[in-house]
Chemist: 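What follows is a structure written as structure tokens; I'll ask about it next.
Predicted model, so just to flag it, every value in this text is computed and none were measured.
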Amino acid sequence: MNPIEDRFPRLWAGADRISLIVLGGLLFWLFSILVVTLPAALAALFAAVAPLFAPASGELFGRFWRAFRRSLVPALLLGLLDLVVGGVIYLDIQILWGVGALWAQAAAFGLGSLGALALMVNLFAWPLLAWFPQPLPKLLKRSFFLAAAHPFWALGGIVSGAVSVLLLLLLPGWLLALVPLVGPGLFATTAGFCAWQVMKRYARPEDEIAE
């Protein structure tokens, strides 16, 4: 038995959670070195931090590595799809806004709403890819359903994830060095928590997060 854990259980549990977030972020950066593997590393990061808010087993590196390996191709396809959709929406908004006409600005706002929906779908797509592996078309269909059925949780996950990282930027001086260490894991934790609050409503008793 660990004497520190016995004497200060809450302190030890907090330190354990922080270490999981930091180590998950380090693994994310390490496996993103090749850039092309960044999408799989993102999916694996959600697998790494899952025990903080969901029933997940296995040790940290094992969870990360297995999720990274099985999601390498589908995560790359999902990432490319995100780039194409996001790029098209952004360029169209820029073009329409530059027209200046009222109808064009209304259309730009409509495309902006479509972009927000795409972000909401992504909030569920990446955790689903890591936790419940499935064919990409089926994953996108389920993610769209979850985002449409639970827009407040979806928006909450996106906003809370972004805010948690932005708050780190307020740290003074050398403490800003913590941003790349803590940022990825903190974002995955906050966004993943919101996604899990929705997913667990539809999970069957036999459904388990993939190891």
Chemist: What are the two closest heavy atoms between M120 and A147, and how far apart are they?
Modeler: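 Smallest heavy-atom distance, with atoms named: CE-O, 3.6 Å.
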Chemist: What's the shortest heavy-atom distance between A107 and L96, and which atoms?
Modeler: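 Looking at all heavy atoms of both residues, the closest pair is CB-CD1, 3.7 Å.
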Chemist: Are W29 and L42 grouped together when hydrophobic residues (ILVMFWY) are joined by side-chain heavy atoms under 4.5 angstrom apart?
Modeler: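 Hydrophobic grouping puts W29 with L42.
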Chemist: Relative to the ring of F31, is the ring of W65 parallel (under 30°), tilted (30 to 60°) or perpendicular (over 60°)?
Modeler: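 Because their plane-to-plane angle lies in the 30° to 60° range, the rings of W65 and F31 count as tilted.
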Chemist: Just checking F53: does its CZ atom have more than 12 heavy atoms from other residues, nucleotides or ligands closer to it than 6.0 angstrom?
Modeler: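 Yes, because the 6.0 Å sphere around CZ of F53 holds more than 12 heavy atoms from other groups.
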Chemist: For the pair W131 (side chain) and F46 (backbone), establish whether a donor and an acceptor sit closer than 3.5 Å, ignoring hydrogens and angles.
Modeler: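 Pair found, side chain donor or acceptor close to backbone of F46.
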Chemist: Quick check on the 6.0 Å ring-centre criterion: do F109 and W97 meet it?
Modeler: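 Here the rings of W97 and F109 have centres that are less than 6.0 Å from each other.
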Chemist: Determine whether a donor-acceptor pair (N or O, by modelled atom type, separation under 3.5 Å) exists between the side chain of R142 and the backbone of P137.
Modeler: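 Not a single qualifying donor-acceptor pair exists.
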Chemist: Using every non-hydrogen atom in the two residues, find where E59 and G62 come nearest and quote the distance to one decimal.
Modeler: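 E59 and G62 have their closest heavy atoms at OE2-N, 2.7 Å.
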Chemist: Over 60° means perpendicular and under 30° means parallel, so tell me whether Y202 and F145 are parallel, tilted or perpendicular.
Modeler: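 Correct class here is perpendicular.
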Chemist: On a heavy-atom basis, which atom in P184 and which in V179 lie closest, and how many Å separate them?
Modeler: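 Shortest heavy-atom contact: CD-O, 3.9 Å.
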Chemist: Indicate the atoms forming the closest heavy-atom contact of G24 with L60, along with that distance.
Modeler: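 Heavy-atom minimum between the residues: N-CD2, 4.3 Å.
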